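Source: prediction; values computed, not measured.
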Amino acid sequence: MAKKFKEHKTLDLAEVDKQMLAYWEANQVFKRSMEEREGAPSFVFFEGPPSANGKPGIHHVLARSIKDTFCRYQTMKGKLVRRKAGWDTHGLPIELAVEKKLGITKEDIGKKISVDEYNQECRKTVMMYQDLWNNLTTKMGYWVDLDEPYITYNNNYIESVWWLLNKLYKDNMLYKGYTIQPYSPAAGTGLSSHELNQPGCYQEVTDTTVTAQFKAKANDVLPEGAFFLAWTTTPWTLPSNTALTVGAKITYVLVRTFNQYTGEPIQVVLAKDLVKKQFTGKYKPVSEELTFEAYEHGQKKIPYQVEQEFLGADLVGIKYEQLLPYAQPYETPEQAFRVIAGNFVTTEDGTGIVHTAPTFGADDAFVAKAAGVPPMLVKNEDGDLVPLVDLQGKFRPEMGEFGGRYVKNEYYGKGDVPEKSTDVDLAIKLKIENKAFKVEKYKHNYPHCWRTDKPVLYYPLDSWFVRATAAKERMIELNKTINWKPRSTGEGRFGGWLENLQDWNLSRSRFWGIPLPIWRTEDGKQEKCIGSLADLQAEIDKANAALGLDQKMPKDLHRPYIDDVVLVSENGERMQRETDLIDVWFDSGSMPYAQWHYPFENKELIDNALNNVDGERAYPADFIAEGVDQTRGWFYTLHAIGTMCFDSVAYKAVVSNGLVLDKNGEKMSKSKGNAVDPFATISKYGADATRWYMLTNAQPWDNLKFNEEVLDETRRKLFGKLFNVYNFFAQYANVDEFDGYSLKGVPAKAAGEFIPVEDRLEIDRWIMSKLNTLVKAVDADFSNYEPTSAGRKVAEFVDSHLSNWYVRLNRHRFWKGERDANKLAAFQTLYQCLETLTKLMAPIAPFFSDFLYQSLNNATGMEKHESVHLAFFPTVAENVIDSDLEQRVDYAQRICSLVHSLRRRDSIRVRQPLQKILLPVLDAQFQKQVESVESLILSEVNVKELEYVLDASGLLSKQAKPNFKTLGRRLGKHMKAAKAAIENMSQQEILQLERTNAFKLEVDGATFDLTQEDVIISSDDIEGWTVAKDREITVALDVNISNDLYQEGLARELVNRIQTMRKDKNFEITDRITLIVEKQAVLQDTVQHFGDYICKEVLATNLEVVEALELGEKVELVDDVSVRLAIEKQ
RNA sequence: AGAGAUGUGGCCAAGAUGGUUAAGGCAUUUGACUGAUACUCAAAAGAUCGUAGGUUCGAUUCCUAUCAUCUCUACCA
């Protein structure tokens, strides 16, 4: 006796999830999916560590579904796929969370709370979210090794990162530099861009702005004494001005006018496009009433006139007098105070000439450096070079009367705020000195420190940099070898980013992160970069010996312990660690190496690949996937480190998925309340429906508009349907004791062998052909990282072909009485379809597929695998694919559909038999194809015969259309006329073309030889018939209902009503009945001719016709025909 | 501000390499099958493919411009 196929009541995907999770857990399926592939070729996957500072959202389900799908697929393809989970544990978000939780600020660390305690708190915070993430990982069916994750705060991880940093250091790729960063003087700390993007940081403020006049020195382009106009919203930076930047291609003009504050005649230079914006209000073009000669200071209108034009490039190099000569740049002052070119200059606002203060603007610093203009740095009391503003935000003593004043009034304490800000006083001074062209208030957004709520300064700070620009070309080259999904992200967003690459600022002045392993002597002249713990130990020993200390290796490599370590330089000086931490993005970009503690352990995993040696490999990744927001984040840092340290790509293929938006296309956010809870979604619809929906509703790289209704539809349509098909199968398979190869009483030809596909019915061969075509396509899609296409094809197969055609047409084969080879073939065919489908679906829908697989396989024991995820992906049986067969069934489906539409048009129900279908035949092949599915069509649409109509039967009028593809190139612009001519071809002419395969077409006086392929012929209409068309197929239906047909129709209606009554009365399927029908004239023939048929269909052993029936039910058969019926169980 | 992506019926969404009727699904309306099951199936209606130009015999598809939405990076006069 065969084992039973499990029959399931209703489909509860959430319940399936639970069952399968328990099963996987109990049987260690994930672990075994790797163990069983030991020794197989590796498929390398990197898990991007989630930053553990936030709760997982629905978009993480998308990203992880993508990752999981391809890892499962590759496992099924026989690859060994290791997936180490990882946690991004460092960085500001964690620190902020901790500070918020403890109610402290950065300054309190080391005072109110020890750094050790703080450190512990950070670790705890990370662990707190880990549980939630693990929970989601498990519930959504994401297989990743959670038992041995890499954690970026572990000493081993840090050691690997140090090793990488040291490698960069040795290659001269690390340097210390001075850059402009957001800085909060009130808090005394630099701010990361993350901090600036806290909500509420950008506030609208009103600043005093100055358009200053910079007096040009003698030159060949401008007249004596001309001024450059430059606008600033931060007048306090004007004393630090060392250059003016123009756009080389921008057109500038010289304008003659008067200074509105002093009344002095002036000539000023500004962008031509901005003259109208600048010369407003009092300024009027010179005219007869308004002349330069007649102008007097104080009068209402000030004349102006454009005198000359130049290109920005002409102005470059002109020197000008320093605007506010409080100090001179310490370095190369002779290079300062000249006009330079910069591509960031626009004519949107200001004057088209940009006041450039390299100490306080990132662009300024960049453009000045490129042009060799020095920043305004002066030597301080300690001999260090510093800007004119100190770290408290005060002007230095060099600033004379301004010395000691805060540059922004906001920095003063309550009560100390002066009446006029430095900006205002500077503006007044410039007005008096004929150096201010215009002073105005200006409203704009300006970043504020989230902690002190005071404006941020852009301020030069010491930072460590990775010389990424040195590897730029190589990064671009290697990027071209990466398979980006979608391609545009790799070429556009990422490629563009690489083209404009800047050096990577590594420094962060925080506590919770990987410390920069660089120690320096006090004068900064000697330094050491540590590349391993052994290295550090050796240096500590050396320092202990040289300096007489008793230092031990810190148990924890974080601050502050590491800061206490003092090393010694070659010539015996003390060295202190640079206090910076490194950018957390470097942490995550190091994961390919650090997750394995490379090169201190697992060295071969990476070296095998680098040296092209046989053996297991863990580098580079064959595949990674994250959100498109990681393009300049993780995707970049992986690529940069891979290129710089190993001259290799870090990943060969990358899928960057889009955002998950709400159903209206808006970004999800907690504040809008439109965020979707992944846990709720999964428990409501099941993980599989969620995954399937997210992967197939839109390409992963397009944004997904998350719509619950569509998600539910996925559940119903795909999983519900497949589940029903399975249940149908299981129910009858159990009755007939199907074991995969045999039925009760119908043994397999040979033990463990299927009936060869070629020996099965055509309809079986058809679905098998379809199935193999599907396998081929899905395999190709998965290997090309196209899950959407793969999933849609599977869904299409299940819906249109398997459930709606194959099962429907073959239902009777499963429940008919006799057991024979035909029935066995039906079971085997359906079994093979279902089993193959579980494997095709498994990568996307791991739970349901395994549930189904086990339900099938446990009964037959055909495969030894205990889970679909341990099985292998199906291989294509090319010999089973029969495209002719697929085509003719496609014809059958379409012809049936056309006939149905015709019946519908005349309101003739399918139970009413009809006599004839006419099918115009366009070629012999078509007729041959349709003939072999003729009986199928006739029974499906309940029609008696199908007649093929050959040409010229008189019924058919043919229509010719040009085939643009073949004619287009030949005819060119004669196409329009040719189209008309061809469409006007007579029946005779078309016939001639068909017979001789030649036709001379005359168009516009020219003659063209046409063959049949130049023309598309379709049959148009058939006189007197109802006709429907679907592309090349035309169908005509004889809708005349003869009396015989009518009677037969009534019989069928009668059967239907009786069946319904049986069902309503809960009779068993096998119950025999007596049928009593009230006598009626219209029904007399029906009962006479079709009585046997009726009895057979409804299992009636006798049929009584009585004059009047008291009991029973009155039912309507068709319009105007009702009858009273009764049935009784015998 | 720069870079990138997207814009096809009420909604979701196919449509590499220009060509004859622009898939399919949901929703809507109408009807139908069914003794496995099932809010299943079928039909009808609904789009000149963001807008404007251009190339071409012919453009949803190629080019240019423009608008809108979104993302990333930056915040600079």
Quiz item: Is the ring centre of F728(A) under 5.5 Å from the base ring centre of A36(B), and are the two planes under 30° apart, so that they stack?
Solution: no
Quiz item: Looking at K961(A), does any N or O in its side chain come under 4.0 Å of the phosphate oxygens OP1/OP2 on U20(B)?
Solution: no
Self-check item: Distance below 4.0 Å between K979(A) side-chain N/O and G19(B) OP1 or OP2
Solution: no
Quiz prompt | Considering all heavy atoms, the nearest D781(A)-A790(A) contact | solution = OD2-N, 3.3 Å
Quiz item: C41(B) C1' sits how many Å from Q893(A) CD, rounded?
Solution: 13 Å
Quiz item: Between Y732(A) and F738(A), does the ring centre distance come in under 6.0 Å?
Solution: no
Exercise. May I ask you to check whether W585(A) and Y636(A) place their ring centers less than 6.0 Å from one another?
Key: no
Self-check item: Side-chain donor/acceptor contact of R808(A) with base of U34(B) under 3.5 Å
Solution: no
Quiz item: Mind checking what makes side chain to side chain donor-acceptor pair (under 3.5 Å) contact with N479(A), not counting sequence neighbours?
Solution: W484(A)
Self-check item: Sugar-phosphate, base or nothing in reach of D712(A), heavy atoms under 4.0 Å
Solution: nothing
Practice problem: Encode nucleotides 64-70 of chain B as B, S and - characters from 5' to 3', where the letter depends on protein heavy atoms closer than 4.0 Å: B to the base, S only to sugar-phosphate, - to neither. | Solution: ------S
Exercise. Evaluate side chain to side chain donor-acceptor pair (under 3.5 Å) for N734(A) paired with E7(A), printing each intermediate quantity in order.
Key: CA-CA 9 Å; N734(A) 286 337; E7(A) 293 174 43; 2.8 Å; yes
Self-check item: Contacts of R1057(A) that satisfy salt bridge (charged side-chain N to carboxylate O under 4.0 Å, His left out) - sequence neighbours left out
Solution: E1053(A)
